[in-house]
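Below, chains carry the letters A, B, ... as their sequence lines are ordered, and counting in each starts from 1.
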Protein chains: 2
Amino acid sequence: MGIAGKNGAGAVRIADVARHADVGAGTVSRVLNGSPNVTAQTRERVMAAIQELGYVPNLVARGLAANRTGVVAAIIPVLGYAQHSEVIQGMLEGLKPYGITVMIGSSGYSEEGEERVVEAFLARRPDAIYVTGGRHSARTRELLKSSGIPVIEGSNLHDNPIDTVIGYSNFDAARKLTARLFASGRKHVAHVTFSTDPNDRIADRLEGYRAACRELGLPDDLFIETTNSFEGGAKALRTILDSWPEVDGIFFVTDVLAVGALHECQRRGIAVPEHFAICGFDDLPIAASVVPALTTARIGPVSMGRKIAEVILARIKGEADVDKRIDVGFQIIERESAVLGPKPP
Amino acid sequence: MGIAGKNGAGAVRIADVARHADVGAGTVSRVLNGSPNVTAQTRERVMAAIQELGYVPNLVARGLAANRTGVVAAIIPVLGYAQHSEVIQGMLEGLKPYGITVMIGSSGYSEEGEERVVEAFLARRPDAIYVTGGRHSARTRELLKSSGIPVIEGSNLHDNPIDTVIGYSNFDAARKLTARLFASGRKHVAHVTFSTDPNDRIADRLEGYRAACRELGLPDDLFIETTNSFEGGAKALRTILDSWPEVDGIFFVTDVLAVGALHECQRRGIAVPEHFAICGFDDLPIAASVVPALTTARIGPVSMGRKIAEVILARIKGEADVDKRIDVGFQIIERESAVLGPKPP
DNA sequence: CTGTTAGCGCGTTCAC
DNA sequence: GTGAACGCGCTAACAG
């Protein structure tokens, strides 16, 4: 320890401030936490002492004493996928004004990975925890449930949440997108998905596709699996061309896949939407830029993150009547990749 | 508090374990921290007690007592931009095996935002801190310097680091890309940049472009500013077409801009690389997918993050002879968007 | 090798 | 309204 021994902005503690302001340590703590039971005069004296000494409260010690750390934990599959990272971005923006910090972990798309991160995080006593999706190991559910803190499951509006779920219906969105392809005159709509992980969001989209097919009395098994990458989308397109020549519409489970397929169409001179109507999912920025622009479903991950922050704040404040199931909805974005007839000028 | 009052996996403390195993609290702490000074026999007894009671150490209390939190702080401009998020992903992967957690913050591309996050983070006593780039407010530098913890500045290999810098030379990479465009036979190479923030990486790329121009005795002022988005790239391309009809090569400061421009070329039927040789920067996944595939510079943000983790671990362990300046290098990725002559078959 | 004790810095009772 | 004292759960230093 010592003067500059990793003590943030100095080794000055609350006792030093108290001495300097000629008050008790308790009083300093009170002004720090905005207690009303302090005279304006003494408050000023304390504030002055804080300024002069450059005092910075030790939030670790506060966390121990108050049994409240001001930290929320967040777990997403990977940080590199913007759709998940932007949820965190929204949470950061919503929580920063309240002095709440976020610790981040990645599950690597695996239940086991998630379990280990949850375990490690709970030992740090966060005030709340956010996890992506609704599929977790039994032990993870148990850990979370008995943690005693608010648990927010995000992105997919599933039944049977651990505590609170904030998201949208992947099933409904996928069904709507599929139905839209059929409504635009397509007769044979395929679906491209992936299955490298136990991911309820992707699984629900597949079910949405199948439901839309069955509602029209059409076969619901025109789907193939690939890897979730641009190249995976291109590969899937080639497979469809080879295997199902009758297909005239494709619903890709992510924009990444759809964009990869669009590029493959460009390379092969296949006209979109004339030959294939194509839609994706997520409304990544690239969806509006690619040629032709991509029809897709928009979620608004940042605002979802902000909503999550709101709920966490309310729960931490102790408000009991917070919704346990919040639907942030989705929006179908219609662009050229899925219109029929000649392209707009 | 109480039995299930937000105490993680239960309210059992180290004293409970000690009692259950019939040893002292210190001994439990020793086995927890892997001290060699424990008999295998007592170690087992303690481990058994931990198991039976479902004890989970309170890392907040440990942090206070040990003056070592096992947390590292990381600040990036925004979470939604993959290039930055993936650095964090690499850090997570490198630090997780050592039980170290990452708290994340975003500066919003502003020095003031960064300063506030740094301030908030230091109060939580992280064991180390990572910040993006080398441009910071004077107060941020001062806070960081006097924090007493390892400070890693990342991404841009600048001079005058606060403590340690890990990255690559944006200047060199940009110069090399520009020179490559000239070497492929282009005579008028423009540069598209943006300036919405005090970003040393982008500024250094501009300087690299200008240096390459001057080395050939060519004008170094064919650059324009736009916003860093697909649409921004498209807009810049239109501006160049209108203003500088002689331009036959464009170095876009990010892949996002370059891809936006490539899409605009597709819309307008402009042949790339025949009309324009184009290159970007970052080697985002989209760069290999777009048509034509994009020549760009690759950094490897994930492995850079792992390198940062390594350095942090070494510094935390107290190793004094850790490099203060680590060049992770870059790689020019040659693809079709910048070759001359007929495109490959 | 092990038990005991004194802090780590702060919030929160209590009396005053 | 304010100060003093105790405790949050753990590590580290000290005896033994």
Side-chain angles (χ1 to χ4, degrees), chain A residues 1-2 5-46 49-50 53 55-70 99 122-125 127 148, chain B residues 1-2 5-46 49-50 53 55-70 99 122-125 127 148:
Chain A
M1 45 207 88
K6 165 174 173 191
N7 288 309
V12 34
R13 292 146 305 155
I14 215 171
D16 302 317
V17 176
R19 204 174 310 120
H20 196 84
D22 198 33
V23 297
T27 302
V28 176
S29 175
R30 259 159 274 185
V31 333
L32 246 35
N33 295 289
S35 162
N37 296 338
V38 186
T39 312
Q41 202 171 352
T42 55
R43 180 189 308 281
E44 267 180 45
R45 278 227 313 288
V46 171
I50 289 176
L53 271 51
Y55 169 73
V56 176
N58 182 329
L59 266 33
V60 178
R62 172 179 295 175
L64 181 59
N67 194 30
R68 185 173 40 75
T69 52
L122 290 181
R124 298 196 180 273
R125 305 297 191 266
D127 292 342
Chain B
M1 46 206 86
K6 156 160 188 209
N7 289 306
V12 32
R13 293 146 305 155
I14 215 171
D16 302 317
V17 176
R19 204 174 308 119
H20 196 84
D22 198 33
V23 298
T27 303
V28 177
S29 174
R30 259 160 287 200
V31 331
L32 245 37
N33 295 289
S35 159
N37 297 337
V38 186
T39 314
Q41 202 170 352
T42 54
R43 179 188 308 281
E44 269 179 44
R45 277 226 313 288
V46 171
I50 289 175
L53 272 51
Y55 169 72
V56 175
N58 182 329
L59 265 33
V60 178
R62 173 179 295 175
L64 181 59
N67 194 31
R68 185 172 39 78
T69 52
L122 290 182
R124 298 195 180 275
R125 303 300 190 265
D127 292 343

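If you check D:dC10, C:dC10, D:dG9 against the side chain of A:L64, the one that comes closest is D:dG9. With D:dT2, C:dC10, D:dA12 as the candidates, the nucleotide lying closest to the side chain of A:V38 is D:dT2. Distance from the side chain of B:A61 is smallest for D:dG9 among the nucleotides D:dG9, C:dT2, C:dC10. Of the candidates C:dT2, D:dG3, D:dG1, D:dG1 carries the atom nearest the A:N37 side chain, counting heavy atoms from C-beta on. In the set C:dC1, C:dG11, C:dG3, the nucleotide with an atom closest to the side chain of B:T39 is C:dC1.
Rounded to a whole Å, the CZ atom of B:R62 is 18 Å from the P atom of D:dC8. Summarising the geometry, the separation between CZ on B:R68 and P on D:dA12 is reported as 6 Å, rounded to the nearest angstrom. Taking atom CD on B:Q41 and atom C1' on C:dC1, their separation rounds to 12 Å, with Å as the unit. Between the P atom of D:dG9 and the OH atom of B:Y55 lies a distance of 10 Å, rounded to the nearest Å. As a whole-Å value, the separation of A:L32 CG from C:dC10 C1' is 9 Å. Distance, A:N58 CG to D:dG9 P: 17 Å, rounded to whole Å. When the P atom of C:dG9 is taken as reference, atom CD1 of A:I14 falls 11 Å away, rounded to whole Å. Straight-line distance from the CG atom of B:D22 to the P atom of C:dC1: 19 Å, rounded to whole Å.
In terms of heavy atoms, B:G99 sits closest to A:R124 at O-NH2, 3.2 Å.
With B:R30 contributing its side chain and B:G26 its backbone, the two residues share a donor-acceptor pair below 3.5 Å.
At the phosphate of D:dT11, OP1 or OP2 sits under 4.0 Å from a side-chain N or O atom of B:N33. The shortest distance between the side-chain N/O atoms of A:T42 and the OP1/OP2 oxygens of D:dG1 is not below 4.0 Å. Phosphate proximity of D:dG3 to A:T27: present, with a side-chain N or O under 4.0 Å from OP1 or OP2. Listed pair B:S29 / D:dA12 fails the phosphate criterion, with no side-chain N or O lying under 4.0 Å from OP1 or OP2.
Among the protein residues, B:V28 comes within range of no part of the nucleic acid, since none of its heavy atoms lies under 4.0 Å from any strand. Within 4.0 Å (heavy atoms only), A:D16 reaches no atom of the nucleic acid at all. Across all strands shown, A:A18 has no heavy atoms under 4.0 Å from either base or sugar-phosphate atoms.
The base of D:dG1 is not paired with the side chain of A:R43 by any donor and acceptor separated by under 3.5 Å.
To the nearest 0.5 Å, the span separating OG1 on A:T27 from CG on A:N37 amounts to 10.5 Å. Note that CG of B:L59 is 11.5 Å distant from OG1 of A:T69, once rounded to the nearest 0.5 Å. With values rounded to the nearest 0.5 angstrom, A:L32 atom CG is found 5.0 Å from A:I50 atom CD1.
In this structure, the side chains of A:R62 and A:N33 come closer than 4.5 Å at one or more pairs of heavy atoms.
Nearest-nucleotide positions on DNA chain D place B:L59 closer to the 5' end than the other of B:R30 and B:L59. Residue order along DNA chain C, read from the 5' end via each residue's closest nucleotide, puts B:R45 first among A:G26 and B:R45.
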